[in-house]
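Side chains are part of it too, since the values below use all heavy atoms of this structure and drop only hydrogens, waters and symmetry mates. Chain A is the first sequence line, chain B the second, and so forth, proteins listed ahead of strands; every chain is numbered from 1.
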Amino acid sequence: MKRPDDAGPETSVPAIELVDVGKRYPNGFVALAPLSLAVPAGQFLGVLGASGAGKSTLMRVLNGLAPATSGEVRVGGVTLGPRTQRAIRARTGMIFQQFNLVGRLNVMTNVLTGRLSHRRGLPSLLHLFPRDDHDIAHEALARVGLVEKAWERADRLSGGQQQRVGIARALAQQPNLILADEPVASLDPVTSAEILDLLRAINRRDGITMVVSLHQVDYVRRYADRVIGLHRGELVFDDVPGRLDAAALERIYGPRRAAPPEPADALA
Amino acid sequence: MRWRSPTRSGFPPAGLWLAPAGIVVALIVTAPLVEVDVARLAGAPRKLVEFLGHLVVMPDWDYLPDLWQKMRETLEMSFLATVIATALSLPLGVLAARNASPHPAVFHAVRQLLSVMRALPELVWALVFVSALGLGPLPGIMAMAFVTVGFMGKAFAEAIEVADPRPVEGVTALGASRGQVLSFALLPQAMPDLVGTTVYVLDHNVRAAAILGLVGAGGIGYDMVMAMRLFEYERIVLIALAIYVVVTLLDRLSDRLRARLIHG
Amino acid sequence: MADASIAALPPKPRGFFPLWAAVGVALVWTAVHDLELSFEALLYGIDDMAEYLGRYRAPDFAGLPKMLTLMAQTLATALWGTALSIAIAFVVAPFAARPLAPNRVAYRIAREFLNVIRAVPDMLLALVFVAALGLGPLPGALALGVHTAGFLGKFCAENMERVEPGLYEALSATGAGRAQVVMFAAWPSVVRETAGYALFIFDRNVRMASVLGLVGAGGIGLALHDTLRLFDFGRSSALIIVMLATIVAIDLLSSWLRARLH
Ligand SMILES: Nc1ncnc2c1ncn2[C@@H]1O[C@H](COP(=O)(O)OP(=O)(O)OP(=O)(O)O)[C@@H](O)[C@H]1O
Ligand SMILES: [Mg+2]
């Protein structure tokens, strides 16, 4: 997929920059302690953390679904705020653990929703899109190998297929950045590997920056260029996956752990 | 033998007898208002049988074309009222849905408006509209549309409110606008409920339209009252039968349709 | 442009939406044509309407005590109607529930009975009862009770059918008689929903009772009919306000009660 506005991998502007970003929920709970972070364009960033550590919160802070309560978030050099949020979301794909597709709409329409931020106005409300958008959606579906399911209702698909539709929807946005919050937590191991392979291929071929939160340390080792670890809302690890040793895992998942946690344990 | 309830105290649980006891007390207190009269009630069955006896007559077959015409008018009125009410209820329902309304103040205001609209029965509004516009089906249609907007608007709003928030978040995260979220995430999810409510309202409106003629607002009701007043049992039989058949058919149809919508 | 290397989309399945839309438009057009509605008349009517509604601006509460008495009578009629409806449903519903009915014949008869009384409009019933019993709220209450028993009975019967069948079997297995199964398994399982629905029916009956007066069956409706006939807009307006206030209050009360039931 060509993205003419992309200046290339050696751009100096980081895809994401966080400066002292913190998140306190309205009920007073501090889900993210102020943290700073820069993610260069084109990086595949893995996010680790036990359940409740703040992985989803971090993802949602990055596109303003849960606005940061302190500090500054910059995406592609643009500061995230009420004014810029829509433009940033337009170029930021998001992939969810529960897929978050509109089950009653067909696959094609779900993928076309990726074009919504580019198409304001009445026709889009009536589910009408220009030819170009249909071509983009078609191409995105081809990327995830689901062209033949284009006219099926999304809720008739298997979990893995639904997640592919989620990825196609993100691709249709022609994003610079994709946020994937536990994209494989609801899938079996074989399907999980397929989905992660796909994400990595997209990352490598299109240079789209990936932020992927995962429960399985193995997957992070296999796919990520860099890993950050969260523990109770604090950034406790930030390095290459090779440095994920027992001590690092203990910092991320808490003391009692000797061995790298199994996914099931991490959930407990 | 002493009776005991299977409770700690041996008395029936308060909730189980307080409510019925309260109702019975209320019934006794209000009996004079309703002019309950045992003698009158006792005489009623004989009179009812007598009345029903009158109905065993040769129907007035010559009235059939007229009946068909009136029945058709009744159905058309209810259909138009339902169409108009649906068109008005959609935007009002969106404004009255907590998760789609642009502002809590709008949400509350529209909810109030809807509850006032559906408070009075069609016949009251039909009286008012007839007195304003003259006899004919138009005031009847307006009365039905008015009341059912109050009902449908609320039902639509509730259908939108129960939508799964995850697809909504999915579409929001893409940078979709409010209207787009509504059109792509909320309405598709609410659609079965919307259709179900519309069918239910059509059913309700046919019943309402059948009696609106009482006040000159079109439909079969006028003929029904006139036949009753003039003791034209040959017509009453036909009219009652026609209403029964139409209402029953529609009732079955709407039951079936809604069952299908619910099960996929 | 999608490039040629990509697999072609499968043929798009044809939806029936255009067909339905066309049928809908045709029906609307036919109805408008048949009823001789003209949109000019409607627009003209709206203009008139504003002026006309202006006449209701000054409600005349001179006869308030009388109005309140009539409203009380209306509420009482609705209450008696609802009580009658509960009484009928209490007896008939178990027969109209498949697992509880003694046999298929009883089941069909009970079901058809409920269908018939549901289908006959309560206004028609009120006309019949007024003819049989004379004028007054009593025939009104009877009409409401009989008609809504059709709804309540069907609702209860369907809920009883949805109760887990094992429950009835377990009781029958202890040697309980049919009536005992109904009292100990069926009604306790559905009493909550039934109470909620009965409140809903009461709401509806209050509305209907306020127009029963049109056929001589008591309540506030006849007064409104008369004042409108005399073009007494002040009194009409006052009557409408009394009705509106009462019905909205009853509505709030019953939704509060319904919320407490859950
Ligand atoms: N809307 C909210 N209001 C208040 N607290 C919240 C809210 N959302 C999340 N939290 C809290 O913030 C903390 C972090 O939640 P978050 O969903 O980010 O965790 P997570 O790392 O994604 O966990 P999981 O692996 O289970 O998805 C949790 O303790 C959670 O209870
Ligand atoms: Mg999470």
Side-chain angles (χ1 to χ4, degrees), chain B residues 16 19 23-24 26-27 29-37 40-41 43-44 47-48 50-52 72-73 75-77 79-80 83 115-116 119-124 127-133 136-138 141-142 207 210-211 214-215 218 221 224-225 228 239-240 243-245 247-248 251, chain C residues 24 27-28 30-32 34-37 41-42 45 48-49 52-53 56 69 72-73 75-77 79-80 83 86 115-116 118-121 123-124 127-129 131-134 136-138 140-142 195 207-208 210-211 214-215 218 221 224-225 228-229 231 236 240 243-244 247-248 251:
Chain B
L16 216 59
I23 293 175
V24 168
L27 286 177
V29 170
T30 55
L33 275 171
V34 189
E35 296 164 20
V36 177
D37 178 345
R40 236 171 112 201
L41 275 175
K47 292 229 181 116
L48 263 180
E50 199 175 297
F51 176 86
L52 292 176
R72 189 168 153 169
E73 182 176 304
L75 287 174
E76 285 172 343
M77 283 170 61
F79 175 69
L80 277 184
V83 170
S115 84
V116 169
L120 295 180
E122 287 87 354
L123 269 176
V124 171
L127 273 174
V128 172
F129 291 144
V130 163
S131 131
L133 297 167
L138 185 59
I141 295 173
M142 286 173 64
R207 289 165 197 271
I211 56 169
L214 218 60
V215 296
M224 182 174 85
V225 193
M228 209 75 180
I239 296 172
I243 293 181
Y244 170 70
V245 169
V247 169
T248 305
D251 193 82
Chain C
L27 279 176
V28 169
T30 316
V32 169
D34 275 6
L35 298 175
E36 291 165 8
L37 304 177
L42 198 65
D48 263 8
M49 208 67 184
Y52 171 83
L53 289 178
Y56 288 87
T69 315
Q73 190 183 55
L75 289 181
T77 309
L79 182 69
W80 274 77
I86 294 173
N115 283 342
V116 171
R118 211 171 59 238
V120 184
M123 277 290 166
L124 181 58
L127 278 168
V128 171
F129 287 129
L133 283 157
L138 188 58
L142 285 179
R207 277 158 229 243
M208 280 320 279
S210 48
V211 288
L214 293 176
V215 295
L224 180 64
H225 186 227
L228 275 173
R229 214 177 244 180
F231 300 108
S236 304
I240 291 180
M243 285 160 88
L244 205 64
I247 292 175
V248 169
D251 228 32

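When each of C:Thr30, C:Ile240, C:Val116 is checked for heavy-atom pairs under 4.5 Å with chain B, C:Val116 comes out on top. With chain C as the partner, the residue from B:Ala44, B:Ser115, B:Ser131, B:Gly43 showing the most heavy-atom pairs under 4.5 Å is B:Ser131. The choice from B:Val124, B:Asp37, B:Val215 that makes the most heavy-atom pairs within less than 4.5 Å of chain C is B:Val124. Chosen from C:Ala119, C:Gly136, C:Gly218, the residue pairing most often with chain B at heavy-atom distances under 4.5 Å is C:Ala119. Of the residues considered (C:Leu53, C:Leu124, C:Val248, C:Thr69), C:Leu124 shows the highest number of contacts with chain B, using heavy-atom pairs under 4.5 Å. Interface check for chain B: of the options C:Leu224, C:Asp251, C:Val128, C:Val120, the most heavy-atom pairs under 4.5 Å are formed by C:Val128.
Of the two parts of B:Ala31, the backbone and the side chain both hold a non-hydrogen atom closer than 4.5 Å to a non-hydrogen atom of chain C. In this structure, chain C has a heavy atom under 4.5 Å from the side chain of B:Ile141, while its backbone stays farther away. Contact annotation for C:Ala141: only side-chain heavy atoms (C-beta onward) come within less than 4.5 Å of a heavy atom of chain B. Using a 4.5 Å cut-off between heavy atoms, C:Arg118 contacts chain B through both its backbone and its side chain. Proximity to chain B (any heavy atom under 4.5 Å) is shown, for C:Leu75, by neither the backbone nor the side chain. For B:Val83, the part lying near chain C is the side chain, with the backbone staying farther off; criterion is any non-hydrogen pair under 4.5 Å. Interface residue B:Leu27: backbone and side-chain heavy atoms are both found under 4.5 Å from chain C. Looking at B:Val116, the atoms closer than 4.5 Å to chain C (heavy atoms on both sides) sit in the backbone and in the side chain alike.
In this structure, CG in C:Asn115 is found 6.0 Å from OH in B:Tyr244, a value given to the nearest 0.5 Å. Rounding to the nearest 0.5 angstrom, the gap separating the CZ atom in B:Arg40 from the CG atom in C:Leu138 is 5.0 Å. To the nearest 0.5 Å, atoms CG (B:Leu48) and CG (C:Leu142) are separated by 8.5 Å. To the nearest 0.5 Å, atoms CZ (B:Phe79) and CG (C:Leu35) are separated by 11.5 Å. Once rounded to the nearest 0.5 Å, the distance linking CD1 of B:Ile23 with CG of C:Leu79 reads 7.5 Å. The CZ atom of B:Arg72 lies 4.0 Å from the CG atom of C:Asp34; values are rounded to the nearest 0.5 Å.
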Derivation and outcome, side chain to side chain contact (heavy atoms under 4.5 Å, CB included), residues C:Leu37 and B:Leu80: CA-CA 11 Å; C:Leu37 304 177; B:Leu80 277 184; 3.6 Å; yes
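Contact between B:Ala119 and C:Ile247 at its shortest, heavy atoms only, is O-CG2, 3.3 Å. Across C:Arg207 and B:Pro121, no two heavy atoms sit closer than the pair O-CG, 3.2 Å. Of all the heavy atoms in B:Leu33 and C:Pro137, the pair that sits closest is O-CG, 3.5 Å.
You'll find the side chain of B:Leu123 reaches within 4.5 Å of the side chain of C:Met123, heavy atoms only. Using a 4.5 Å heavy-atom cutoff, the side chains of B:Arg207 and C:Pro121 are not in contact.
Tested against C:Leu214, the residues B:Ile211, B:Leu127, B:Val225 include a single side-chain contact (heavy atoms from CB on, under 4.5 Å) partner, B:Leu127.
Formation of a donor-acceptor pair under 3.5 Å by the C:Tyr52 side chain with backbone atoms of B:Val128 is found in this model.
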